[in-house]
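Each remark here refers to the structure printed beneath this line.
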Amino acid sequence: MKEQLQKDFNNIIKDFSLSQKDIEIKKFFLDNFINRGFPNKKEEDWKFSDLNQIIRKNIGELSFYSDYKSTNKVDTSIFVDGLEHNKIVFINGRIEKIDFDYEKKDQIEIIDQSETINEFNNNSLSDLNNAFTNKSFKILVKEGYQLAKPLIVYHTTNTKIWSKNINLRLDFELNKNSSLRIVDLFNDTSEKNFLNIFYNFELKENAILKNYKIDKFENKNIKYSFNNIDQEKNSISETFILSSGSNFVKNEINCNLKGKYSSAFVNGILSLNNDKHHEIRSIINHLTENTKSYQLIKSVLENSSKAAYQGKIFVNSKAQKTDGYQLSKAILLNKDSEFNAKPELEIYADDVKCSHGSASGSLNEDSIFYLMSRGLSYQQSRELLINGFLLDVVEKITDSEIKNLIKNLIGIKE
Amino acid sequence: MLKINNLNATIDNKSILKGFSLNINPGEVHAIMGPNGSGKSTLSNILSGKKGYETSGEILFEGKDLFELETEERAHKGIFLAFQYPLEIPGVNTNIFLKTSLNAIRKARGEKELDAIEFLKLVKEKSKDLKFDEDKLNRQLNVGFSGGEKKKNEILQMSLLAPKLSILDETDSGLDIDALKIVADGVNTLRDKKNSFLIITHYQRLLDYIKPDFVHVLMNGKIVKSGGPDLAIELENKGYENFN
Ligand SMILES: Nc1ncnc2c1ncn2[C@@H]1O[C@H](COP(=O)(O)OP(=O)(O)OP(=O)(O)O)[C@@H](O)[C@H]1O
Ligand SMILES: [Mg+2]
């Protein structure tokens, strides 16, 4: 692995137009990654998903080409219809378009921060990301500005891709009283690539962030997505994950509730078939008093698919009056499917309200019988029950436009 | 219409029906009474195609072997079971369920499926007849319905689907007097020369409103006595002891 990576790195770094010093920094991270390798199941955080093995089995050696040199044509047919939105378009890891056409231009700043490094996660994927990320931007929303329309980030890959691995990074700063809705929409026609995506969010006082991650379309890629969310007083973050299309996905949410009365919501659906394997890992750090977190994760697993949810609620000694809740439920449709949950509560304050729960089982046969006795086929009955099971998570989406988009995507009828 | 010959049913090595036979002709109303645990619901479930029973014997519906048909095919052919304990189905809107069900059955009968407007008109009409609170139809199926509301919802489904054979498993239990009359009206409206009913009940009272052609006593896995409406009155007065 070592020689190939170093060779590729030296080849493509020339196109990055960086200072010698920045190149040295990137080299440092490359060496770190080479030393550490991909996370494997010996690490507690990866015990349900051995990425090292998954990469080895599906991709083999990583290799990198200068995919960033020439522009890709943006295929407008992938754009979401019937919903006015701002756009960021990534194609094969290259940022092709940033457009905030629906917004007041002086209220949003787009800052090139390609030279800054990400330090929010110290796993080896963060090293890999720091070593290979080309352009990276920070979107800054100014004080008091609430974006009129959502931002859809299109993550597109196609068969023209050369590199086996894509590293992306986006930062967002939401200043006081501002708000932003982001939809991450994955659209892959490439096969067996590894996408390694890092987002960092800074939410200032009263800021509201809604991030909806939609991985719905069938594809054979492998993805890791990491969100760091720092929250000041009264800010709200809402994260919703629809995890379904890719072969492997691990979504990690790391949320720091630093300001009083800040709150974080993490809801998600893992809907998997075949031998897909997806995981949601969340860490909510309650770092001051009167903060709140709420998490609801539901899984529907067919064939020999696997899902895991590791949810941690950490409450430090200052964080009195913390309200932390997490629940996960899974339906196993096949005896070969598997669901793993590892809830963790780590609490150092005494006046807190925290709870967690996890349940998994098969579809209720009596309910199926009831529906079939009314003339519905087995398939129809199953679909109604599954959609019914998922409905309450979908209903947690507070943005009605995007809720409808997601309902349509998963086939829930009104 | 329905011919049951020497039906035996076992679940978990427990023998429940032992040589049960019954014949229902088109247009007839049969009532079955029997002590708790005698197998009345088991019989209803088997007629509707619930899995998990070991069975032998014969059941013919309009000459066809029922065991060859899946649950939904039986529904398509006109068999309806009003459940003793209707299930709560979280997340499933009652109206959407009713429309899916009605259209599945209409399709199987070769009738045109109803669009949303036609369906709503029909369901409105039927709910009104049954004094069923229409707002409930926008709620999740049976979730948070009272016991009586669940039973009424079963009868609403029956009147929407207009089955040939309706099996009412203790639909009267838990209904107040007014609701009882409404449910009986629902049955009587559907009653004609072609449609038949199998009514399972513990109380003679329902049979004041729905006059049965036959009353049967189910004990020890089979029918131990059959008679007319008077048999129900006799049972009410004397209990099951005499039949042992
Ligand atoms: N799944 C099952 N496993 C084991 N025993 C069962 C099962 N289902 C029913 N039984 C038993 O079969 C017998 C008949 O039950 P069934 O529900 O048919 O009675 P019933 O006549 O409808 O009674 P009730 O008047 O109380 O409704 C009972 O003893 C019951 O405990
Ligand atoms: Mg019963």
Side-chain angles (χ1 to χ4, degrees), chain A residues 240 242 267-271 296-300 327-331 333 335 357 359-397 403-404 406-414, chain B residues 44-53 69-109 113 116 138 140-143 150 153-154 156-158 160-161 163 166-167 169:
Chain A
F240 178 89
L242 173 59
N267 299 307
I269 291 175
L270 298 150
S271 170
L296 177 62
I297 308 292
K298 287 202 170 179
S299 305
V300 177
L327 178 66
S328 100
K329 284 190 176 179
I331 291 183
L333 294 171
K335 62 175 175 31
S360 62
S362 49
L363 271 186
N364 185 331
E365 285 301 323
D366 289 341
S367 303
I368 296 257
F369 173 59
Y370 185 60
L371 296 176
M372 286 180 75
S373 79
R374 299 311 188 239
L376 277 67
S377 67
Y378 179 77
Q379 203 54 36
Q380 276 177 313
S381 309
R382 200 179 100 138
E383 213 164 279
L384 266 190
L385 290 178
I386 290 172
N387 286 344
F389 171 72
L390 296 178
L391 186 71
D392 63 346
V393 200
V394 178
E395 290 298 341
K396 291 279 181 290
I397 296 173
K403 178 157 69 185
N404 286 333
I406 290 174
K407 275 188 176 174
N408 283 334
L409 275 172
I410 57 182
I412 293 185
K413 286 178 226 149
E414 290 291 340
Chain B
S44 323
N45 288 338
I46 289 172
L47 289 175
S48 274
K50 187 169 180 173
K51 302 215 164 57
Y53 301 97
L69 301 178
E70 286 295 328
T71 297
E72 87 265 30
E73 295 170 311
R74 301 183 195 197
H76 297 162
K77 293 231 175 319
I79 294 180
F80 178 88
L81 167 61
F83 280 57
Q84 181 175 4
Y85 305 109
L87 279 94
E88 299 190 4
I89 316 274
V92 174
N93 175 285
T94 306
N95 257 330
I96 288 180
F97 159 70
L98 293 177
K99 181 161 169 265
T100 314
S101 160
L102 179 61
N103 278 336
I105 284 177
R106 288 181 69 97
K107 196 172 158 194
R109 284 185 196 147
E113 292 180 46
N138 269 320
Q140 303 183 10
L141 182 54
N142 289 331
V143 176
K150 285 179 186 165
N153 192 10
E154 296 292 287
L156 173 65
Q157 292 169 42
M158 182 187 80
L160 273 173
L161 303 179
S166 303
I167 305 157
D169 190 358

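The chains referred to below are lettered A, B, ... by the order of the sequence lines, with proteins before strands, and numbering in each begins at 1.
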### For chain B, which residues of residues 360-367 of chain A have heavy atoms nearer than 4.5 angstrom
A:Asp366, A:Ser367
What's the spacing between [X] [atom1] and [Y] [atom2] if we round to 0.5 Å?
X	Y	atom1	atom2	value
A:Met372	B:Lys50	CE	NZ	13.0 Å
A:Leu385	B:Leu87	CG	CG	9.5 Å
A:Tyr370	B:Leu81	OH	CG	9.5 Å
A:Asn387	B:Asn93	CG	CG	12.5 Å
B:Met158	A:Arg374	CE	CZ	10.5 Å

Name the region of [X], side chain, backbone, both or neither, that has any atom closer than 4.5 Å to a heavy atom of chain A.
X	answer
B:Asn45	both
B:Ile89	side chain
B:Leu98	neither

### Task
Kindly give the heavy-atom pair with the smallest separation between A:Gly375 and B:Ala104, and that separation in Å.
O-CB, 3.3 Å
#### Entry: B:Phe97: partners by ring-ring contact (aromatic ring centres under 6.0 Å, His included), with sequence neighbours left out
none
### Task
Please name all residues satisfying ring-ring contact (aromatic ring centres under 6.0 Å, His included) with A:Phe389, sequence neighbours left out, ordered by chain then number.
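For A:Phe389, no residue satisfies ring-ring contact (aromatic ring centres under 6.0 Å, His included) once neighbours in sequence are set aside.
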### Query
Excluding sequence neighbours, so at least two apart, what forms side chain to side chain contact (heavy atoms under 4.5 Å, CB included) with B:Lys150?
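For B:Lys150, the residues satisfying side chain to side chain contact (heavy atoms under 4.5 Å, CB included) (neighbours in sequence not counted) are B:Pro86, B:Glu88, B:Asn142, B:Phe145.
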### Task
Taking B:Ser48 for its side chain and A:Ser373 for its backbone only, find out whether a donor-acceptor pair lies under 3.5 Å.
no
